[in-house]
Novice: 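I have a structure I would like to understand better, so I am pasting it below and will then ask my questions one at a time.
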Amino acid sequence: MTEQAKLPVAQLRVGDQELDLETMAATAGNTGLSIAPLLKQTGLVALDPGFLNTASCTSQITYIDGDAGVLLYRGYPIEQLAAHSTFLEVTWLLLRGELPTAAELEAFEARVDKHMYLSDDFRQIFSVMPRRAHPMATLGAAINMMAGYYPESLDPKDPSAVSLATVLLLAKMPTIVSYIYRRAAGNALLYPKHGQSYVENFARMTFQLPGEKFEVPPAFYRALDTLLILHADHEQNCSTSTVRLVGSARANIYMSVSAGVSALSGPLHGGANEAVLNMLAYIRDHDLTPKEFMEKVKAKQDGIRLMGFGHRVYKNYDPRAAIVKQQCDAVLDALGVKDELLAIARDLEEVALSDDYFISRKLYPNVDFYTGIIYRAMGFPPSMFTPLFALGRLPGWMAQWREMVTDPTAKIGRPRQIYMGETGRDYVPLEQRG
Ligand code: ACO
């Protein structure tokens with residue numbers, strides 16, 4: 001905390017005790033209120049389930065204005081990056097804080113390109129895992145395994161080790177994700193090719209069939225790259241906070257990112273895009289109208305939610321959803337795909353946006369509402385949607401982890417609790433229990 005940022009503006013009265021609480025001005029968004037002296041001076045702890053009001057860190061990476069529907073990476077609007085940048089350039093930006101020069105970008109791309117290969121020993125993990133294993137289980141395991149393969153890149157306090165680990169993760173992730181897909185499909189694993197772009201390599205290693213060329217329109221690659229950009233960071237969401245929390249114990253970057261993969265696998269987080277398609281297929285298969293389905297959602301029948309709607313931070317249209325929605329038509333057109341689920345999704349959105357239940361709760365489409373439809377048109381099965389999300393989110397996880405390990409004020413994450421259980425009971429021997 002800098003001296004200028006410390007302005008005692010909040011007073012908290014606890015009984016006859018008065019506490020001055022310092023605030024920290026943000027460059028944009030909510031001002032912070034430091035409760036650091038709370039426990040020591042009052043014996044109280046703050047209770048904030050789900051961290052709705054709690055900032056766990058200061059950060060310079062990503063800014064979201066949820067009410068205005070704004071998302072900035074290092075100050076640059078997501079709309080500009082999606083329209084003009086590439087995933088690797090955005091990765092550099094997130095990691096380093098500035099856009100690269102042409103020479104820096106070229107060297108970075110070449111370094112990533114060089115490391116995409118996975119050794120034959122490493123590749124065995126894909127045949128050890130059952131074909132029916134959820135891809136996120138294999139992805140987490142493969143990333144953990146990298147910690148065993150690259151011991152020279154483990155020390156969080158060694159910048160060159162961290163730089164190497166960052167490039168290794170970035171380079172090997174598309175290869176790993178493509179192998180997970182090929183193993184499930186029963187196809188041989190292909191090698192990365194030098195000279196192909198990041199997304200070209202990934203798509204070819206994923207989809208190319210024996211004896212055939214893999215050829216798709218440029219719109220395919222552009223859309224894939226854009227989707228990765230849109231997912232690249234989203235400040236302190238569940239998986240990113242998990243990465244930071246695990247990393248705060250000085251766990252290496254692979255173990256920390258793998259923990260992020262685990263968090264992302266949940267249907268309320270990264271699993272939502274898969275859940276959206278399942279929901280749309282359910283509506284189609286049960287011949288429901290959007291209105292009929294909406295009645296189930298509003299009645300909270302069996303906990304049904306409109307998947308792909310609502311967000312902890314956005315109380316407006318998610319700016320990423322707007323970009324995906326625009327892309328959806330272009331990609332489906334270029335690929336010559338007609339999808340009945342897209343029509344259902346559009347109808348659902350229209351009904352939801354004019355329904356009081358959604359309006360009053362400020363529930364709008366999030367990034368996942370239309371991404372699944374694009375991925376499906378590209379040929380990915382729903383079970384691969386969350387690994388694709390992870391591929392996109394990797395730069396954010398790594399940038400946030402790197403920011404934390406270089407922050408001299410960072411401490412091991414260790415929340416408190418309000419204990420509500422039994423107190424001070426005596427053990428009763430088994431034979432005396434009724
Ligand atoms: N469908 C129906 N009702 C909803 C939805 C939804 N998708 N989302 C929130 N609500 C309702 C809740 O039932 C609650 O209603 P109540 O006030 O009557 O109890 C109210 O809106 C507030 O919801 P919370 O769950 O408290 O909001 P929270 O911020 O905790 O949850 C979340 C955000 C998890 C994203 C939620 O909106 C949700 O479950 N959405 C569907 C899953 C989804 O799309 N997840 C992807 C998120 S984006 C991402 O991870 C990339």
Side-chain angles (χ1 to χ4, degrees), residues 48-54 62 64 66-67 69 71 73 78 82 136 226-243 260-280 282-283 288 290-325 341 345 348-375 382 385-397 400:
D48 187 17
F51 309 117
L52 268 83
N53 303 283
T54 298
T62 291
I64 303 172
D67 293 322
L71 170 62
Y73 292 164
I78 191 66
M136 290 299 273
T226 306
L227 287 173
L228 296 180
I229 292 173
L230 296 183
H231 285 90
D233 195 41
H234 216 229
E235 50 116 312
Q236 310 310 319
N237 57 83
C238 178
S239 56
T240 302
S241 298
T242 302
V243 170
V261 167
S262 302
L264 192 69
S265 71
L268 294 188
H269 189 11
N273 50 17
E274 186 178 342
V276 170
L277 270 207
N278 293 339
M279 172 188 77
L280 297 174
Y282 173 90
I283 294 171
L288 295 175
K291 280 215 162 97
E292 284 167 340
F293 182 72
M294 219 54 97
E295 290 313 314
K296 287 178 187 287
V297 171
K298 289 185 332 190
K300 301 186 176 169
Q301 201 180 312
D302 305 325
I304 292 183
R305 286 193 163 192
L306 181 57
M307 300 311 284
F309 256 69
H311 198 276
R312 171 60 59 80
V313 181
Y314 292 118
K315 301 303 169 197
N316 198 330
Y317 214 101
D318 179 339
R320 302 166 302 169
I323 297 167
V324 177
K325 194 179 172 188
L341 299 188
L348 273 177
E349 181 187 348
E350 202 183 315
V351 172
L353 292 180
S354 55
D355 189 305
D356 243 14
Y357 176 97
F358 292 89
I359 296 169
S360 61
R361 291 172 177 78
K362 298 189 174 167
L363 300 170
Y364 293 87
N366 60 49
V367 68
D368 288 322
F369 196 64
Y370 287 104
T371 44
I373 292 168
I374 299 186
Y375 289 144
F385 295 174
T386 319
L388 285 163
F389 189 156
L391 180 63
R393 183 53 54 86
L394 179 64
W397 287 335
Q400 301 271 352

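Owing to the predicted nature of the structure, the values given are computational and were not obtained by experimental measurement. Residue numbers count from 1 along this sequence. Numbering of ligands and ligand atoms starts at 1, following listing order.
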Novice: Please list all pairs meeting salt bridge (Lys or Arg N to Asp or Glu O under 4.0 Å) that have one or both residues in residues 361-374, counting only residues at least two apart or in different chains.
Specialist: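 Listed by first then second residue: nothing to list.
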Novice: Please list all pairs passing the side-chain hydrogen bond (donor to acceptor under 3.5 Å, both in side chains) test where one or both residues lie in residues 264-273, with sequence neighbours left out.
Specialist: N237-H269, S239-H269
Novice: Under a 4.5 Å cut-off applied to non-hydrogen side-chain atoms, are L280 and L348 in contact?
Specialist: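 Counting from C-beta outward, L280 and L348 do come under 4.5 Å.
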Novice: For the residue pair H311 and H234, does the interplanar ring angle fall in the parallel (under 30°), tilted (30 to 60°) or perpendicular (over 60°) class?
Specialist: perpendicular
Novice: Using the ring pair (Phe, Tyr, Trp, His ring centres under 6.0 Å) rule, pick out the option among F369, Y364, Y357 that qualifies with F309.
Specialist: F369
Novice: Write down, by chain and number, every protein residue that brings a non-hydrogen atom to less than 4.0 Å from an atom of ligand 1.
Specialist: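 For ligand 1, the residues that come within the 4.0 Å heavy-atom cutoff are L268, H269, A272, V297, K300, R305, L306, M307, G308, F309, G310, H311, R312, Y357, R361, L363, N366, V367, D368, F389.
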Novice: Sequence neighbours excluded and cut-off under 3.5 Å, please list the side-chain donor-acceptor pairs for residues 298-305, or say none.
Specialist:
| unit_1 | atom_1 | unit_2 | atom_2 | d |
| --- | --- | --- | --- | --- |
| K298 | NZ | D355 | OD1 | 3.4 |
| K298 | NZ | D355 | OD2 | 2.7 |

